[in-house]
Every structure is written in C-alpha cells, then in structure tokens.
K.L.:
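I have a structure I would like to understand better, so I am pasting it below and will then ask my questions one at a time.
Numbers here are sequence positions counted from 1.
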Amino acid sequence: AIFTSCCPEVFGLTLVLFVVDKWGRIRTQMASWMIGGISTGLLCLLHFYKAPLLLLVALSFLARALVLTGASTLWITVAETLTTDVRATGHSFTYAAGRMGGFLCPYIINSSVPLTRVAAVVLTVAFFETLCVAQLPETLGLAMGSSSSLSTKTKGGGRQQQDSLAV
C-alpha cells in the first residue's frame, strides 16, 4: 500500500524534471494546480455518480502527481525570487496555514458533506492557487540572483529594487 501510494509522487517529480525548464516555472505550476484540482474535483463528482473504480484510481493518481509537481516547482520559484527573510516568513505562514487546513479538512470532507460540495471547494481552491501563481515573476532562463521581483517603496515615492539574494 505504501509503495502504491508513492508511485504518483515519483511520476510527479519525474514530470517536474522534464517540463520545468521547457514550460517555465509559472506555466508548470499553473498547469499542475489547475489540472490537479480538476482531477480531484472530477474524482469527487465521478465517485458521487458511481464511476468505475479504475477511472477513480487513475484520477487520484493524476491528482496526487500534479499536486506534487506544482509544489516541487513552487520550491524552485521561491528560492529564485524571494529573499531569505521573506522565505522564512512564508515558511512560517504556510506551516500555520497547513495546520489550519489539517484542522478544517475533516469538516469539509466527511461522509455527511455531499461530494458535489467537496468538488466545488477543491475546484475553487485550485482556481485561486492558479490565479496567485500567475502573479509571480517567471525566472526561466535567468541567472540565480538576477530576479528582482521584490520591491519596496522609497520615501520619495519611487521604487527601490531589492537584491533577491539578500540575507
């Protein structure tokens, strides 16, 4: 059972290796989050309508592989675009958000909640993730540290660029 549940992750990591430098970090993430969310939403809907087990297993495999693909690509993007202090704050925030998500999931996904509602929640989150990722700068082809994606307002109202490798 453990080996079988890890197979989509191996597929997802292999997919990242082959597409991240061809499609770019942002397009890879957008495709991964959106198709993974659609696969999960379809999984919920098709289970509700009693679809064949093989189709449900294929959708769950695809969903898990693509969510891992998106997450792995996100780690690349974060390291290439954000300063250390911002990354540290982001890690803390995402840890807290993950804990809250772990608390809320049993209330969203349980036997008394219709699978159509679960599908709607999953699709909404996937769409929101895709919109957020679309706002990130593409770093494909840039040298490490050449991305100046962070900026702060100066006192004069102008924009001051921060070095992305500042510690």
K.L.:
How long is the straight-line distance from OG1 of Thr139 back to CD1 of Ile26, given to the nearest 0.5 Å?
P.N.:
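The distance works out to 6.5 Å.
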K.L.:
Same cluster for Phe127 and Leu123 if Ile/Leu/Val/Met/Phe/Trp/Tyr side chains link at under 4.5 Å?
P.N.:
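Yes.
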K.L.:
With a 4.5 Å cut-off on side-chain heavy atoms, are Leu45 and Leu115 touching?
P.N.:
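Result no, sub-4.5 Å side-chain heavy-atom pair not found.
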K.L.:
Indicate, with yes or no, if Val122 and Val113 share a hydrophobic cluster defined by side-chain heavy-atom contacts under 4.5 Å among Ile, Leu, Val, Met, Phe, Trp and Tyr.
P.N.:
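Yes, Val113 and Val122 fall within the same hydrophobic cluster.
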K.L.:
Can you check whether Trp23's main-chain N or O pairs, donor with acceptor, with Arg27's side chain at less than 3.5 Å?
P.N.:
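It does hold such a pair.
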K.L.:
Grab the two heavy atoms, one from Val20 and one from Leu140, that are nearest each other, plus how far apart they are.
P.N.:
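Closest pair (atom of Val20, atom of Leu140, distance): O-CD1, 4.0 Å.
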K.L.:
Honestly curious: do Phe11 and Val16 fall in one hydrophobic cluster under the side-chain, below-4.5 Å linking rule?
P.N.:
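In one cluster with Phe11: Val16, no.
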K.L.:
Does any donor atom in the side chain of Thr28 or Arg25 lie under 3.5 Å from an acceptor atom in the other side chain?
P.N.:
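No pair is found: no donor N or O on one side chain lies under 3.5 Å from an acceptor on the other.
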K.L.:
Closest heavy-atom contact between Leu62 and Ser39?
P.N.:
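Result for this residue pair: CD2-OG, 3.2 Å.
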K.L.:
Return the CD1 to CD distance between Ile76 and Gln29, rounded to the nearest 0.5 Å.
P.N.:
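It is 8.5 Å, given to the nearest 0.5 Å.
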K.L.:
Tell me the closest heavy-atom pair linking Ala63 and Thr40, and the distance in Å.
P.N.:
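So the two residues come closest at CB-OG1, 3.3 Å.
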K.L.:
Counting only heavy atoms not in Leu54, do more than 12 fall under 6.0 Å of its CG?
P.N.:
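Open: at most 12 neighbouring heavy atoms sit under 6.0 Å from CG of Leu54.
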K.L.:
Once you round to the nearest 0.5 Å, how far does CE of Met34 lie from OG of Ser32?
P.N.:
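That separation rounds to 12.0 Å.
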K.L.:
Calculate, to the nearest 0.5 Å, the distance between atoms CG and OG belonging to Leu42 and Ser60 respectively.
P.N.:
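Between atom CG of Leu42 and atom OG of Ser60 there are 12.5 Å.
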K.L.:
Compare every heavy atom of Ala119 with every heavy atom of Cys44, then report the nearest pair and how far apart it is.
P.N.:
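That would be CB-CB, 3.8 Å.
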K.L.:
Distance-only criterion, 3.5 Å: show the donor-acceptor pairs between side-chain atoms of residues 66-75 and protein atoms not counting sequence neighbours.
P.N.:
residue: Thr69; atom: OG1; partner: Gly12; partner atom: O; Å: 3.1
residue: Thr69; atom: OG1; partner: Ala65; partner atom: O; Å: 2.8
residue: Ser72; atom: OG; partner: Leu68; partner atom: O; Å: 2.9
residue: Thr73; atom: OG1; partner: Thr69; partner atom: O; Å: 2.8

K.L.:
Between Trp33 and Met30, is there shared hydrophobic-cluster membership here, with clusters defined by ILVMFWY side-chain heavy atoms closer than 4.5 Å?
P.N.:
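Same hydrophobic cluster.
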K.L.:
What pair of heavy atoms forms the shortest contact from Thr14 to Val10, and how long is it?
P.N.:
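So the two residues come closest at OG1-O, 2.8 Å.
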K.L.:
Can you confirm whether Leu17 sits close enough to Leu13 that some side-chain heavy atom of one is under 4.5 Å from a side-chain heavy atom of the other?
P.N.:
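Side-chain contact under 4.5 Å: no.
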K.L.:
Does the side chain of Leu136 reach to within under 4.5 Å of the side chain of Thr81, using non-hydrogen atoms?
P.N.:
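Contact flag for Leu136/Thr81 side chains = no.
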K.L.:
Working to the nearest 0.5 Å, report the span between SG of Cys7 and CZ of Arg64.
P.N.:
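Answer for the SG-CZ pair, Cys7 versus Arg64, is 9.5 Å.
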